[in-house]
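Atoms within a ligand are numbered from 1 in the order they appear, just like the ligands themselves.
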Amino acid sequence: MIEISVSSAAGGYSVTVGRGIAAELAARISADAGASPAVVIADANTGPLLGRRLAEGLGAICFEIPPGESSKTLAWVERAASAAVGAGVDRGSTLVAVGGGVVGDLAGVVAATLLRGIRLVHVPTTLLAQVDSAIGGKAAVDLPEGKNLVGAFKSPVAVYVDPELLIGLPEREFKSGLAEVIKYGVALDEELFTRLRDRRAEVERRDLETLTAVVERCCAIKARVVSADEEERGERAVLNYGHTVGHALEAATGYTRFSHGEAISVGMAAACAIGVNVGLTPAGVEEQQRELLDSYGLPFAAVGAATTEQVLALVARDKKARGGEVPWVLLEALGRATPGHRVPPDVVAQAVDRVLAEVG
Ligand SMILES: NC(=O)c1ccc[n+]([C@@H]2O[C@H](COP(=O)([O-])OP(=O)(O)OC[C@H]3O[C@@H](n4cnc5c(N)ncnc54)[C@H](O)[C@@H]3O)[C@@H](O)[C@H]2O)c1
Ligand SMILES: [Zn+2]
């Protein structure tokens with residue numbers, strides 16, 4: 001078991017990663033929670049998996065939402081908040097999020113706003129949530145106008161990561177999380193990249209020793225980056241490697257054709273090509289990234305999925321865009337991405353063209 005510290009303006013917290021730690025959570029959480037009633041929030045899959053058992057151990061209710069992005073709404077914030085009030089929460093109460101990024105984001109918004117803020121504990125149950133969304137204190141829900149438009153920074157008081165929970169995760173979700181893991185390797189950690197290449201068989205069959213080591217490494221990277229730049233003024237932006245084109249592709253295809261992981265996989269291919277074209281990324285890196293994505297069955301092209309014009313229009317509307325210009329996260333080397341690059345529009349168009357036209 002390892003403990004990773006995250007520093008935050010709100011006080012800092014630790015991320016504990018340990019195989020089997022889920023069984024000890026009621027004791028750990030109640031030891032810190034005091035006398036105020038706790039509330040567990042889960043979805044219809046993670047409630048039966050862990051949420052209900054944990055709620056029982058805490059003497060709490062387990063509020064369950066329907067699984068999936070369509071529950072990340074203000075309507076579900078209201079329902080969850082009402083259920084928590086019905087359960088007698090007070091300002092010392094703890095909200096425990098047991099689930100993937102959807103439950104975690106919804107819980108973050110509730111915990112940030114209910115009684116002007118109550119304690120939040122994350123127990124992430126998807127690979128994406130364990131290595132990404134549970135760490136860093138961002139929370140948001142969707143509006144009909146777009147994703148993640150209403151939210152807050154809400155640091156948890158603790159994050160508990162149990163890689164054993166990933167054993168029953170559907171393959172598509174696991175693979176989507178792996179794209180994020182590969183992103184950490186490509187953008188921030190060459191050693192992780194090498195491990196993912198050399199231990200692919202173990203990673204893919206979810207060998208727990210290998211998986212735990214990989215999850216630990218990713219949590220440590222995310223913790224380090226967000227501790228240095230909580231509000232994304234600089235370095236934190238490197239975590240968005242592959243996400244500019246990735247998000248645009250997801251939006252252009254109605255969020256159904258590609259998983260988030262597949263979309264950012266294509267986005268990484270585009271970002272890497274841009275880096276090569278502007279002379280920043282060594283050509284060999286593109287080949288290495290492509291081979292790794294391909295070996296994990298992740299796409300580096302999305303032939304005919306959308307038009308270049310559609311994707312470029314969505315790129316220009318990226319949340320990070322300022323005055324119509326998007327700052328790009330590009331690779332200087334394998335394991336070293338840097339944010340804030342200005343790229344001529346024709347270079348972007350060429351790279352987008354390529355990922356939409358190339359036969360993989
Ligand atoms: N706050 C952040 O910093 C941040 C970062 C990245 C992504 N996100 C958000 O995260 C969300 C996506 O999260 P996600 O990919 O975890 O999806 P998700 O929460 O929808 O979970 C995916 C599916 O897996 C099921 N599931 C979860 N854990 C399981 C388990 N252990 N075993 C079996 N099934 C399980 C869920 O019920 C769901 O059906 C998006 O809304 C995204 O915007 C937030
Ligand atoms: Zn992502």
For [atom], closest protein heavy-atom neighbour:
atom	answer
atom 15 (O) of ligand 1	Leu128 CD2, 3.6 Å
atom 43 (O) of ligand 1	Lys72 NZ, 3.0 Å
atom 4 (C) of ligand 1	Ser133 CB, 3.2 Å
atom 34 (N) of ligand 1	Pro170 CD, 3.6 Å
atom 21 (O) of ligand 1	Thr126 CG2, 3.6 Å
atom 14 (P) of ligand 1	Gly101 N, 3.5 Å
atom 18 (P) of ligand 1	Val102 CG2, 3.9 Å
atom 28 (N) of ligand 1	Thr125 OG1, 2.7 Å

To the nearest 10°, what's the angle at the Zn ion (ligand 2) between atoms OE1 (Glu180) and NE2 (His260)?
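With the Zn ion (ligand 2) as the vertex, OE1 (Glu180) and NE2 (His260) sit 90° apart.
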With respect to atom 23 (C) of ligand 1, which of His260, Glu173, His243 exhibits the smallest heavy-atom separation?
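When every heavy atom of His260, Glu173, His243 is considered, Glu173 comes closest to atom 23 (C) of ligand 1.
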Of the listed options Lys138, Lys147, Glu164, closest to atom 3 (O) of ligand 1 (non-hydrogen atoms)
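Result: the heavy atom closest to atom 3 (O) of ligand 1 is in Lys138.
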Is a salt bridge present between [X] and [Y], judged by a nitrogen-to-oxygen distance below 4.0 Å?
X	Y	answer
Glu216	Arg19	no
Arg257	Glu262	no
Glu56	Arg53	no
Arg290	Glu287	no

Taking only heavy atoms of [X] into account, list the atoms of ligand 1 that are under 4.0 Å away from them.
X	value
Leu169	26 (N), 28 (N), 29 (C), 30 (C), 32 (N), 33 (C), 34 (N), 35 (C)
Leu49	30 (C), 31 (N)
Leu165	30 (C), 31 (N)
Glu69	40 (C), 41 (O)

Before giving the answer on side-chain contact (heavy atoms from CB on, under 4.5 Å), spell out for Val225 and Glu235 the whole-Å C-alpha distance, their side-chain angles and the decisive distance to 0.1 Å.
CA-CA 7 Å; Val225 173; Glu235 197 205 343; 3.9 Å; yes
Nearest N/O/S atom of His243 with respect to the Zn ion (ligand 2), by atom name, please.
NE2
Nitrogen or oxygen of Lys222 less than 3.5 angstrom from that of ligand 1
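N/O-N/O distance under 3.5 Å: no.
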Is the shortest N/O to N/O distance between Gly99 and ligand 1 below 3.5 Å?
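Looking only at distances, the answer is no, because the N/O contact criterion of under 3.5 Å is not met.
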4.5 Å side-chain heavy-atom contact, [X] and [Y]:
X	Y	answer
Val159	Ile4	no
Val150	Val109	no
Lys222	Val15	no
Glu232	Asn240	yes
Leu106	Val141	yes

Is it true that Gly168 lies under 4.0 Å from ligand 1, counting heavy atoms only?
yes
Glu180 to ligand 1, any heavy atom closer than 4.0 Å:
no
Can you tell me if Glu250 and His243 form a side-chain donor-acceptor pair at under 3.5 Å?
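Their side chains do not contain a donor-acceptor pair, so the 3.5 Å distance test is not met.
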Think Arg206 forms a cation-pi with Phe174, using NZ or CZ under 6.0 Å from the six-ring centre and within 45 degrees of its axis?
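Yes, a cation-pi geometry holds between Arg206 and Phe174.
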Hey, is [atom1] on [X] packed in by over 12 heavy atoms from elsewhere, all under 6.0 Å?
X	atom1	answer
Arg317	CZ	no
Glu171	CD	yes
Arg342	CZ	no

Report the part of [X] (side chain from C-beta onward, or backbone N, CA, C, O) that has a heavy atom under 4.0 Å from ligand 1; answer both or neither where that applies.
X	answer
Asp105	side chain
Pro124	neither
Pro67	side chain
Thr46	side chain
Asp43	side chain

